[in-house]
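The structure appears below as structure tokens.
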2 protein chains.
Amino acid sequence: MLKQETLSKNQQIVLDYIEKVNEPIKAYSILHNVQKKGIKAPLQVYRALDKLVEIGKIHKIESKNAFVACKNSNCQISKATAFSICESCEEVSEISDSKLSKYLKNFQDKAGMKFNKYNLEFFGLCKKCSIK
Amino acid sequence: MLKQETLSKNQQIVLDYIEKVNEPIKAYSILHNVQKKGIKAPLQVYRALDKLVEIGKIHKIESKNAFVACKNSNCQISKATAFSICESCEEVSEISDSKLSKYLKNFQDKAGMKFNKYNLEFFGLCKKCSIK
DNA sequence: TGTTAATTGTTATAATATAACATTGTGTAA
DNA sequence: TTACACAATGTTATATTATAACAATTAACA
Ligand SMILES: [Zn+2]
Ligand SMILES: [Zn+2]
Ligand SMILES: [Zn+2]
Ligand SMILES: [Zn+2]
């Protein structure tokens, strides 16, 4: 079987919504907002989320248990993600920095262990919030 | 009031247990294991965990919702953490690499945003598992 | 077309975490 | 010492996040 190139109905509904809101959103919030489209149960949302994460269309912000659309055409496999998170207004943005990703992809620990995947979450104050 | 230098009873019980098991452990698993010490409710565990994270005695492994004792005397404030996680055996270890931490502490995003805190989780196969 | 795997639908439940409120302990200063 | 402020505790209930189990349907392929 070939790798799917089109999303299934529920996957598309969930992705459309996540792309529309354009900020990290939680699973049950997605559920409430797509019920009019016929998705009724948490599992339908979680299954779509799992697949969308797997194919790199969305990422999970682990520290928030929230999901956000990928903004970086380079990370379609979702194996190398970095985010900045404002501790005041909660704004999250995906970092796309080739130097950083190169550095991290090549990182080895002291035992020589290499990694095929990483997730990095930075916390600080965004521009808006640091002026206040 | 001076900053506390001794842990409270529940904080000490929880920390003792986490240090003893020496691997990431989940809150409810901690609860089950410290009930004989008089801790009866989830909140008692979560409150201790919150404090221990805050003072850097333990860290939360976000991708696993688990807690692990700090192995790195340099990160007592818990603001710069990095872990390696084996995708096969689930082994987790804290990375202490001054080059890496220096690089990340000084990282700025393209908008010039600087960060006072980060958490990095690497995934791969540990030495044992990559031989198999 | 028959076969396999992916997706869906549905109900129930597990696992993780916090709200709310009353009580007790502990350090500090008048 | 006593009174105050704050940290920590105890307790019950509930909120939030996520998965188990199983039946039915749909899509891709040989
Ligand atoms: Zn991305
Ligand atoms: Zn902000
Ligand atoms: Zn540490
Ligand atoms: Zn391993």
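Numbered from 1 within each chain, the chains take letters A, B, ... in sequence-line order. Given the structure is predicted, the values throughout are model-derived calculations rather than measurements.
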Start with the C-alpha gap between A/Lys57 and A/Glu19, add the side-chain angles, then the distance that decides, and say whether salt bridge (Lys or Arg N to Asp or Glu O under 4.0 Å) holds.
-> CA-CA 10 Å; A/Lys57 291 286 191 182; A/Glu19 288 183 335; 6.0 Å; no
Does the side-chain ring of A/Tyr46 lie flat on the base of D/dT19, meaning centres under 5.5 Å and planes less than 30 degrees apart?
->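 Taking the rule of under 5.5 Å and under 30°, the ring of A/Tyr46 does not stack on D/dT19.
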With a centroid cutoff of 5.5 Å and a plane-angle limit of 30°, would you call B/Tyr28 stacked on C/dT16?
->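 One would call B/Tyr28 stacked on the C/dT16 base.
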Within the pair [X] and [N], is there a side-chain N or O less than 4.0 Å away from OP1 or OP2?
X       : N      : result
B/Lys26 : C/dT16 : yes
B/Lys51 : D/dA8  : yes
B/Gln11 : D/dA8  : yes
A/Ser8  : C/dA6  : no
B/Lys9  : D/dT9  : no
A/Gln44 : C/dG9  : yes

Are a donor atom and an acceptor atom from the side chains of A/Lys51 and A/Asn10 found within less than 3.5 Å of each other?
->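 A/Lys51 vs A/Asn10: no donor-acceptor pair found between side chains.
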Going by atom types only, do A/Glu62 and B/Ser63 share a side-chain donor-acceptor pair under 3.5 Å?
->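 No - no donor-acceptor pair under 3.5 Å links their side chains.
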Residues A/Lys64, A/Glu90; criterion salt bridge (Lys or Arg N to Asp or Glu O under 4.0 Å); working and verdict = CA-CA 10 Å; A/Lys64 293 182 163 298; A/Glu90 312 266 289; 2.8 Å; yes
Using a 4.0 Å heavy-atom cut-off across all strands, classify B/Lys60 as base, sugar-phosphate, or nothing.
->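 Sugar-phosphate, backbone atoms only, no base.
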Inter-end axis angle, the helix from C/dT1-D/dA30 to C/dA30-D/dT1, with every axis fitted to five base pairs (rounded, 10 degrees) |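 Result, rounded to 10 degrees: 40°.
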Choose from D/dT12, D/dT9, C/dT10 the nucleotide whose nearest atom is closest to any side-chain atom of B/Leu43.
->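 Per side-chain heavy atoms of B/Leu43, the pick is D/dT12.
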So which one's nearest nucleotide on DNA chain C is more toward 5', B/Asn65 or B/Arg47?
->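 The answer here is B/Asn65.
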Using 30° and 60° as the class limits, which term best fits the ring planes of A/Tyr103 and B/Tyr103: parallel, tilted or perpendicular?
->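 Parallel.
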Nearest-Å distance, NZ (B/Lys64) to P (D/dA18)?
->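 Distance, rounded to whole Å: 15 Å.
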Is the distance between the ring centroids of B/Phe107 and A/Phe122 under 6.0 Å?
->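 Distance test on ring centres: under 6.0 Å, yes.
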